[in-house]
Amino acid sequence: MKIPDNNPKPVAIVLLSGGLDSATVLAIAVECGFDIVALSFQYGQRHAIEVECAAKLAQSANVLRHVVITLDLGLVGGSALTDTSISVPKHESSEQIGSEIPITYVPARNTLFLTYALAWAEVTLSGDIFIGVNALDYSGYPDCRPEFIVAFETMANLATKVGVETLSQSNGKAIRIHAPLIDLTKAQIIERGLSLGVDYAKTFSCYDPSTDGRACGHCDSCLLRQSGFRQNGQSDPIQYTQQ
């Protein structure tokens with residue numbers, strides 16, 4: 001997919017899961033003046049309902065294109081999000097979330113997602129990739145840390161034709177990885193999104209939804225999300241199995 005030469009705006013690739021964080025990042029990228037190519041992934045996740053939310057968010061943002069890429073990370077296993085024989089941890093409050101890397105971590109997921117985004121960036125002649133990783137109110141995933149983003153951006157500029165040519169010609173960066181939520185709390189992310197008009201009713205964050213598509217309310221993602229809305233004096237607009 002090549003963007004027409006007369007496209008009036010620069011193009012950014014946005015990783016759009018359909019969750020709260022990625023919806024906020026999409027709004028930030030639009031605010032920054034980019035036209036958007038949104039990438040979502042069906043990777044065998046038990047909460048695949050989030051991809052339906054991503055489609056709604058992409059449509060509302062009038063993106064240039066919304067691409068859904070199918071991977072089968074269930075073949076790799078090792079995560080409660082891709083192996084239904086492994087239970088998703090549940091707690092009564094966000095204070096009970098541990099500091100160790102939880103079983104909901106999906107091995108190499110963000111590395112794979114960013115690699116696909118990098119390929120699309122080259123094809124669309126985009127130098128900007130946005131991802132909604134966060135290193136404060138999160139579950140301790142190693143691929144959500146600033147060190148990972150910096151390392152991937154360095155690799156991206158070494159591993160691509162456009163990166164090598166730019167580095168050799170101007171010693172600059174052709175590919176930039178934007179993680180605008182990296183140092184925000186969940187409450188700050190929601191506050192930022194509300195200021196940009198994000199409709200959080202179109203998002204979904206739960207790791208273990210019910211068969212009728214309602215959030216469980218007790219997984220790490222649900223608890224962090226609910227805490228963020230409470231700190232903003234807001235009610236979470238999505239439905240939970242127990243409210």
Side-chain angles (χ1 to χ4, degrees), residues 1-4 7 9 11-74 79 81-82 84 104 106 109-110 112-121 123-124 126 128-134 178-181 189-190 192-194 196-216 219 221-222 225 228-229 236-241:
M1 174 189 175
K2 183 177 180 181
I3 304 300
N7 197 68
K9 296 181 180 180
V11 175
I13 311 300
V14 175
L15 292 175
L16 184 63
S17 69
L20 182 152
D21 293 340
S22 73
T24 307
V25 165
L26 174 62
I28 290 172
V30 171
E31 182 194 38
C32 289
F34 289 100
D35 271 338
I36 309 298
V37 173
L39 298 188
S40 302
F41 294 85
Q42 287 273 13
Y43 60 92
Q45 67 270 47
R46 67 167 76 209
H47 55 307
I49 186 175
E50 66 177 1
V51 180
E52 298 175 18
C53 293
K56 295 175 183 177
L57 291 165
Q59 184 177 28
S60 296
N62 295 313
V63 303
L64 293 174
R65 185 173 180 185
H66 179 214
V67 181
V68 180
I69 296 171
T70 300
L71 305 173
D72 189 359
L73 296 186
S79 171
L81 299 193
T82 58
T84 55
T104 50
V106 180
R109 179 177 60 180
N110 283 344
L112 290 167
F113 289 179
L114 279 170
T115 300
Y116 274 90
L118 180 58
W120 274 90
V123 172
T124 58
S126 169
D128 297 275
I129 298 170
F130 283 76
I131 183 171
V133 292
N134 170 257
H178 302 271
L181 311 183
I189 292 169
I190 293 170
R192 182 82 168 94
L194 291 173
L196 294 172
V198 175
D199 183 358
Y200 286 119
K202 294 179 179 176
T203 67
F204 195 81
S205 305
C206 180
Y207 290 154
D208 191 24
S210 63
T211 55
D212 60 358
R214 290 183 292 171
C216 74
C219 67
S221 188
C222 280
R225 177 182 172 122
F229 275 104
D236 190 340
I238 70 169
Q239 290 190 324
Y240 287 85
T241 54

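Sequential numbering from 1 along the given sequence is applied to the chain's residues. Basis for what follows: all heavy atoms, side chains included, without hydrogens, waters or symmetry-related copies.
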Where [X] and [Y] come nearest, the two heavy atoms and their spacing:
X    : Y    : answer
A117 : L39  : CA-CD1, 3.5 Å
P180 : V25  : CG-CG2, 4.0 Å
H47  : C206 : CB-O, 3.2 Å
L181 : D21  : CD1-O, 3.5 Å
A38  : V63  : CB-CG1, 4.5 Å
I49  : P209 : CG2-CG, 4.4 Å

So, using side-chain hydrogen bond (donor to acceptor under 3.5 Å, both in side chains) as the criterion, who are the partners of [X] when residues are at least two apart?
X   : value
T84 : none
S60 : K202
S17 : S22

Using only heavy-atom distances, determine whether the side chains of R225 and T203 contain a donor-acceptor pair under 3.5 Å.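 Yes.
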Answer with yes or no whether the side chains of T70 and Y43 bring together a donor and an acceptor at under 3.5 Å.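 Judged by distance alone, the side chains do not pair up.
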Could you tell me if the side chain of [Y] sits less than 4.5 Å from the side chain of [X], heavy atoms only?
X    : Y   : value
V14  : V37 : no
D208 : R46 : yes
I69  : L71 : yes
F229 : L20 : yes

Please answer whether the main-chain N or O of V51 pairs with a side-chain N or O of S40 as donor and acceptor at a distance below 3.5 Å.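 Checked: no pair found.
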Mind jotting down which residue pairs meet the ring pair (Phe, Tyr, Trp, His ring centres under 6.0 Å) criterion with at least one end in residues 20-42? Sequence neighbours excluded, please.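 Found F34-F130, F41-F113, F41-Y116.
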Restricting to side chain to side chain contact (heavy atoms under 4.5 Å, CB included), what partner residues turn up for [X], sequence neighbours left out?
X    : answer
D212 : S210, R214
A27  : L196, V198
A119 : none
C53  : F204

Under the side chain to side chain contact (heavy atoms under 4.5 Å, CB included) criterion, do Y240 and C222 qualify, and how do the steps go? CA-CA 9 Å; Y240 287 85; C222 280; 3.7 Å; yes
Taking salt bridge (Lys or Arg N to Asp or Glu O under 4.0 Å) as the test, write out the residues that go with [X], two or more places apart.
X    : answer
D128 : R176
R192 : E31
E52  : none

Can you measure from CZ (R65) to CG (D35) and round to the nearest 0.5 angstrom?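 Here the rounded value is 15.0 Å.
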To the nearest 0.5 Å, what is the distance between CZ on R109 and OG1 on T82?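 Interatomic distance, R109 CZ to T82 OG1, rounded to 0.5 Å: 9.5 Å.
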Could you walk me through whether L64 and I36 satisfy the side chain to side chain contact (heavy atoms under 4.5 Å, CB included) test, starting with their C-alpha distance in whole Å, then the side-chain angles of each, then the deciding distance to 0.1 Å, before giving a yes or no? CA-CA 6 Å; L64 293 174; I36 309 298; over 6 Å; no
Would you please test L73 and L112 for side chain to side chain contact (heavy atoms under 4.5 Å, CB included) and show each step? CA-CA 10 Å; L73 296 186; L112 290 167; 3.7 Å; yes
By the definition side chain to side chain contact (heavy atoms under 4.5 Å, CB included), identify the one residue from L57, I131, V67 that meets it with L16.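 The single option meeting the side chain to side chain contact (heavy atoms under 4.5 Å, CB included) with L16 is L57.
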Side chain to side chain contact (heavy atoms under 4.5 Å, CB included) between V68 and Q42, worked out: CA-CA 7 Å; V68 180; Q42 287 273 13; 3.9 Å; yes
